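What follows is a short report on a single structure.
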Amino acid sequence: MNSVFFGGHEARACASATIFIRLAVGLAVFFPEGLQKLLFADILGAGRFTGIGIPLPGFFGPFVGVVEILCGLMIIFGIGTRLATIPLIITMCVALLSTKLPILLGHDWWIFHVSEMGRYGFWSAQHEARADMVMLLSLMFLFITGAGRWSFDHWLWARQNARLGASSTNS
């Protein structure tokens with residue numbers, strides 16, 4: 001049976017479908033969230049970082065915003081995708097430790113403050129962390145697989161291979 005699901009083009013389709021993960025990560029989350037950290041700094045940038053307990057919020061709020069914008073754009077277009085995931089993976093780990101771990105524990109942890117909530121513990125932390133975990137796992141996926149076929153990374157790789165193939169046939 002040689003169908004869409006069992007045919008030889010399955011690997012190509014999966015490599016092409018990676019664009020949907022890139023758009024979810026870059027276009028739906030990091031690019032707009034980075035912009036909002038700069039546009040609404042009191043609520044989502046330095047002001048929020050102050051409430052969480054992140055040190056130097058006046059520096060890290062805009063810094064994280066710019067990193068999210070730049071890395072989000074790199075992921076959207078598939079330029080240096082694996083490299084772009086690294087600072088965002090770090091960002092997601094910090095987000096989980098600084099905001100979700102205090103919810104799990106039900107009290108402040110280290111320098112990070114727990115937000116006022118109706119409930120705390122495992123299920124509350126799991127509920128609050130679900131989007132962060134999806135982003136972290138999606139970033140890990142992109143780090144492992146790369147940008148896929150519909151990306152500048154793939155175009156550059158194909159172009160380089162074509163040059164190498166042309167130069168080896170000329171030798």
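Because the structure is predicted, anything quoted here is derived from the model rather than measured.
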Might you point out which heavy atoms bring [X] and [Y] nearest each other, and give the distance in Å?
{"X": "R82", "Y": "F143", "value": "NE-O, 2.8 Å"}
{"X": "M92", "Y": "F30", "value": "SD-CZ, 3.5 Å"}
{"X": "R22", "Y": "I76", "value": "NH2-O, 2.8 Å"}
{"X": "F60", "Y": "F49", "value": "O-CE2, 3.5 Å"}
{"X": "G148", "Y": "T18", "value": "CA-CB, 4.1 Å"}

So, using salt bridge (charged side-chain N to carboxylate O under 4.0 Å, His left out) as the criterion, who are the partners of D108 when residues are at least two apart?
none
Do [X] and [Y] make a side-chain contact, defined as non-hydrogen atoms from C-beta onward lying under 4.5 Å apart?
{"X": "R48", "Y": "I43", "answer": "no"}
{"X": "V25", "Y": "T85", "answer": "no"}
{"X": "V67", "Y": "F63", "answer": "yes"}

Using the side-chain contact (heavy atoms from CB on, under 4.5 Å) rule, take M135 and E33 through it: C-alpha gap first, then chi angles, then the decisive distance, then the call.
CA-CA 12 Å; M135 286 302 102; E33 287 297 319; over 6 Å; no
Derivation and outcome, side-chain contact (heavy atoms from CB on, under 4.5 Å), residues V134 and V29:
CA-CA 11 Å; V134 169; V29 177; over 6 Å; no
side-chain contact (heavy atoms from CB on, under 4.5 Å) for F152 and T81? Distances and angles first, verdict last.
CA-CA 9 Å; F152 282 105; T81 303; over 6 Å; no
Determine whether V64 and V94 satisfy the following criterion, side-chain contact (heavy atoms from CB on, under 4.5 Å), listing intermediate values before the conclusion.
CA-CA 11 Å; V64 170; V94 170; over 6 Å; no
Is there any side chain to side chain donor-acceptor pair (under 3.5 Å) pair reaching into residues 95-107, and which pairs are they, with sequence neighbours excluded?
K100-D132
Nonpolar side-chain network containing Y120, other nodes, edges under 4.5 Å:
I103, V114, M117
Is it true that atom CZ of F112 has more than 12 heavy atoms of other residues, nucleotides or ligands lying nearer than 6.0 Å?
yes
